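Data first, discussion second: the structure below is written as structure tokens.
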Amino acid sequence: MLNKKVAELLYDVAELLELQGDRFRPRAYQRAARTIESMKQDISRYHQEGSLREIEGIGEALEDKISEIIETGSLTYLDDLKEEIPEGLLDVLKVPGIGPKKAKQMYDELEISSLEELKSAAEEGKIRGLDGFGAKTEEKILNGIKMLDKVSGRHLMNEIVPLADELIGSLEPVAERLEKAGSLRRWRETIGDIDILAVGDPEDLMEAFVSHEGIKEVLLRGDTKTSILFENGIQADLRVVEKGSFGAALQYFTGSKEHNVKLRQIAIDKGYKLNEYGLFEGEDIIAGEEEEDIYHNLGMGWIPPELREDRGEIQAAVDDGLPDLVSLDDIKGDLQMHSHWSDGQNTIMEMAEEAQEMGYEYIAITDHTQSLSVAGGLNEDKVVSRQEEIDRVDSELDITVLSGMEVDILKDGSLDLNTETLESLDVVLAAVHSNFSLSSDVQTDRIIDAFSTGLVDIFAHPTGKKIGEREPYDVNLTEVIEAAVEYDVALEINAFPQRLDLDSLDAREAMRKGAMISLGTDAHGLQHLHFMKYGVGVARRAWLERKDVLNTKGIHELKKYLGMN
Ligand code: DGT
Ligand code: CA
Ligand code: CA
Ligand code: ZN
């Protein structure tokens with residue numbers, strides 16, 4: 001599907017037009033991008049049939065541009081726009097909280113056209129003088145720049161995994177063996193670069209690798225290692241190894257480094273030598289072709305890659321005490337998503353149909369509540385109106401559609417819907433979407449107060465962090481976890497790639513303290529429903545088993561858990 005690519009480029013155009021001060025066209029581009037992004041059908045089909053104009057919001061000008069993207073993979077108009085704008089200004093746009101409007105204002109009035117200029121202007125207190133800016137904005141900008149530094153060079157899962165799968169797909173025909181390695185195989189929350197390992201004819205493999213579309217530069221080309229850089233800044237390494245060393249190389253290049261260091265020490269203690277070519281006793285190779293054999297010969301069971309972070313997994317493997325990790329197949333439904341009733345792109349029917357196709361038994365529609373007005377949050381009356389639609393979709397499809405809400409926890413710890421309405425729902429998610437800067441004590445009490453109403457089933461994205469955009473709020477997570485156990489509130493692993501909240505360390509602490517974990521994609525469109533695998537990655541990194549995860553339950557068990565009939 002090219003929909004995502006087309007939408008991305010149209011969003012970029014909208015942003016640059018806005019930066020130039022264009023008042024109307026940005027909205028048209030954004031609208032078209034949103035429609036295309038959430039369409040079920042492949043946009044290239046419309047192109048082939050010459051029916052692009054039948055899509056809502058697409059006129060002649062957009063038709064031409066979309067056709068160009070589909071045919072060439074790029075858009076001259078966008079490239080021209082980029083030429084007109086100082087390069088550093090595009091970096092300024094990446095700072096959280098700075099949209100095109102603010103960027104333009106700072107450029108016009110303070111001639112800020114790079115990150116460095118932005119940073120020094122903020123440090124010197126020059127920005128607070130601008131209309132609509134304040135000392136707080138300045139502080140936010142400085143924090144944002146710090147955050148960018150932290151994630152610079154790292155990428156979100158949804159940028160990496162689809163690309164890696166494409167690469168694997170194009171290597172498959174010429175590879176004898178093929179596997180992802182590195183942080184990608186470990187499902188780390190963010191990824192530095194893509195590592196792939198293969199056995200086969202080096203010439204054929206490297207040729208297929210560098211022939212992939214979207215490559216900006218071949219950084220290195222050799223018989224054993226080739227590195228490419230994509231236009232979007234992602235790097236990928238392909239290593240070609242001998243068949244007899246594939247398992248050892250896979251073990252080595254999967255990492256983590258900390259795990260490998262421990263494992264190598266165990267090898268040494270046993271009088272062996274372990275490297276990327278094999279496990280050796282003197283000159284003799286004991287294991288190399290299969291990764292399992294490396295672990296077995298070191299006196300332990302094979303360790304799932306997600307656990308290889310030196311967090312006790314080696315000892316557990318030696319003791320035969322590794323967890324039986326939850327897997328994507330175990331997930332029977334999705335417990336957080338938004339429909340067009342609030343800020344979702346799709347109707348309840350569309351979301352439910354997609355989920356049904358994915359093989360789920362149930363979904364919960366969890367729109368926002370009234371105080372989150374930017375997201376079109378619902379009041380009590382709207383919840384009642386929405387219920388009719390949920391009931392209709394539920395009865396028309398085999399999948400069970402649960403009626404839920406993602407209810408704002410207000411500043412004082414109360415919930416953003418009345419008790420009667422909350423009790424009418426099948427599942428209540430509670431979340432913090434405001435007052436992020438309360439002190440840790442106050443924030444913690446606020447959340448626990450919400451739990452203590454007895455009306456909350458799941459606490460959504462418990463720390464509030466957004467990767468590259470926002471730090472977690474100050475909160476005593478240990479106390480929140482303990483209260484969750486006390487009040488029977490499940491804690492969420494939000495599978496949205498920008499959130500992945502709880503992360504693996506926090507989720508593991510929650511599980512150890514006896515909390516139930518719920519997986520939700522937080523989908524705001526059909527395509528996001530497929531983010532579940534990223535949540536499962538975090539769950540596995542947190543050592544979770546089936547029994548620890550709420551939505552591994554079948555619909556009957558789940559209904560019983562939620563106290564439904
Ligand atoms: P990333 O790419 O930053 O998300 O993280 P990784 O883990 O994929 O790291 P990367 O791509 O630098 O290297 C892939 C794996 O290769 C790494 O997980 C372990 C192994 N490796 C790389 N350099 C070293 C090293 O100096 N010592 C050891 N023991 N292993 C290494
Ligand atoms: Ca890597
Ligand atoms: Ca690498
Ligand atoms: Zn939320």
Side-chain angles (χ1 to χ4, degrees), residues 150-157 159-161 163-164 167 179-197 219 225 227-228 233-239 241 248-268 273-277 305-310 335-338 342-344 364 366-369 371-372 374-377 404-409 416 428-434 436 458-467 470 473 492-496 498-501 518 520-524 528 537 541:
K150 212 165 85 183
V151 294
S152 88
R154 300 200 68 77
H155 307 274
L156 299 178
M157 278 303 226
E159 300 174 79
I160 293 283
V161 172
L163 180 60
L167 280 170
E179 201 80 60
K180 296 174 191 167
S183 52
L184 179 59
R185 187 166 178 241
R186 304 198 311 279
W187 290 85
R188 229 187 115 170
E189 282 87 343
T190 60
I191 306 289
D193 68 358
I194 297 174
D195 297 289
I196 297 176
L197 219 61
L219 301 171
K225 183 180 174 187
S227 295
I228 54 182
I234 294 172
Q235 187 185 324
D237 300 340
L238 172 63
R239 291 184 177 84
V241 300
L250 185 58
Q251 197 291 312
Y252 181 88
F253 290 111
T254 295
S256 69
K257 206 168 158 181
E258 293 74 14
H259 173 90
N260 287 355
V261 167
K262 274 261 164 75
L263 206 64
R264 204 158 45 227
Q265 189 55 48
I266 290 180
I268 292 167
K273 189 179 84 190
L274 176 63
N275 58 31
E276 62 203 276
Y277 302 106
E306 295 90 336
L307 301 183
R308 301 184 193 173
E309 299 290 349
D310 189 23
L335 292 174
Q336 177 169 192
M337 69 188 64
H338 302 258
S342 60
D343 59 345
T366 58
D367 286 301
H368 288 292
T369 54
S371 75
L372 207 63
V374 288
M405 290 291 289
E406 186 190 8
V407 185
D408 265 47
I409 299 177
D416 193 26
V428 173
L429 272 67
V432 170
H433 290 127
S434 62
F436 295 112
I458 298 167
F459 184 37
H461 44 74
T463 79
K465 74 161 183 236
K466 281 193 172 176
I467 298 169
R470 193 167 70 209
Y473 39 73
E492 185 181 65
I493 292 178
N494 189 296
F496 210 85
Q498 222 161 29
R499 289 198 182 265
L500 299 180
D501 176 15
S518 170
T521 58
D522 207 346
H524 284 69
H528 299 155
R541 290 171 61 77

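When a ligand or atom number is given, it counts from 1 through the structure's own listing order. If you're wondering where the values come from, they're calculated on a predicted model, not measured in any experiment. Because only heavy atoms are used, hydrogens play no part in the values below, and waters and symmetry mates are left out as well, while side chains stay in.
- Each of the atoms 18 (O) of ligand 1 lies under 4.0 Å from some heavy atom of T254.
- Under the 30°/60° scheme for interplanar angles, the aromatic rings of Y473 and F436 are found to lie parallel.
- Because the distance cut-off is set at 2.8 Å, H461 qualifies as a neighbour of the Zn ion (ligand 4) through one of its N, O or S atoms.
- For ligand 1, the atoms closer than 4.0 angstrom to any heavy atom of G192 are 1 (P), 2 (O), 3 (O), 4 (O).
- Remark: ligand 1 atoms within the under-4.0 Å shell around heavy atoms of G182 are 8 (O).
- For D195, the N/O/S atom at the shortest distance from the Ca ion (ligand 2) is named OD2.
- The main-chain N or O of T463 is found under 3.5 Å from a side-chain atom of D501 such that the two form a donor-acceptor pair.
- The N, O or S atom of D193 lying closest to the Ca ion (ligand 2) is OD1.
- When distances from the Zn ion (ligand 4) to the N, O or S atoms of H433 are compared, NE2 comes out shortest.
- When only modelled atom types and interatomic distance are considered, D522 and H338 share a side-chain donor-acceptor pair under 3.5 Å.
- For ligand 1, the polar-atom distance check finds no N/O of R188 at less than 3.5 Å from any of the ligand's N/O atoms.
- Screening R499, R154, R541 against E189 for a salt bridge (charged side-chain N to carboxylate O under 4.0 Å, His left out) leaves a single residue, R541.
- Salt bridge R188/E309: absent, no basic N to carboxylate O contact under 4.0 Å.
- Ligand 1 places these atoms under 4.0 Å from at least one heavy atom of R186: 7 (O), 18 (O).
- The heavy atom nearest to atom 11 (O) of ligand 1, considering only D195, L184, I191, is found in D195.
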| field | Test side-chain contact (heavy atoms from CB on, under 4.5 Å) applied to L263 and R308, step by step | value | CA-CA 10 Å; L263 206 64; R308 301 184 193 173; over 6 Å; no

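- Checking only distances, T190 never comes within under 3.5 Å of ligand 1, N or O to N or O.
- Proximity to F253 (heavy-atom distance under 4.0 Å) selects the following atoms of ligand 1: 14 (C), 15 (C), 16 (O).
- Residue contacts with ligand 1: I194 is excluded, as none of its non-hydrogen atoms falls under 4.0 Å.
- Between the side chains of H433 and E406, a donor-acceptor pair is found at a separation under 3.5 Å.
- Judged by distance alone, the side chain of E492 and the main-chain N or O of H461 form a donor-acceptor pair under 3.5 Å.
- For ligand 1, none of its N or O atoms has an N or O atom of S256 under 3.5 Å away.
- With 2.8 Å as the limit, E406 counts as an N, O or S neighbour of the Zn ion (ligand 4).
- Atoms of ligand 1 lying under 4.0 Å from any heavy atom of R264, numbered from 1 in the order shown and given with element: 29 (N).
- For R470 (side chain) and G464 (main-chain N/O), a donor-acceptor pair under 3.5 Å exists by modelled atom type.
- At least one donor-acceptor pair closer than 3.5 Å links the side chain of T366 to the backbone N or O of M337.
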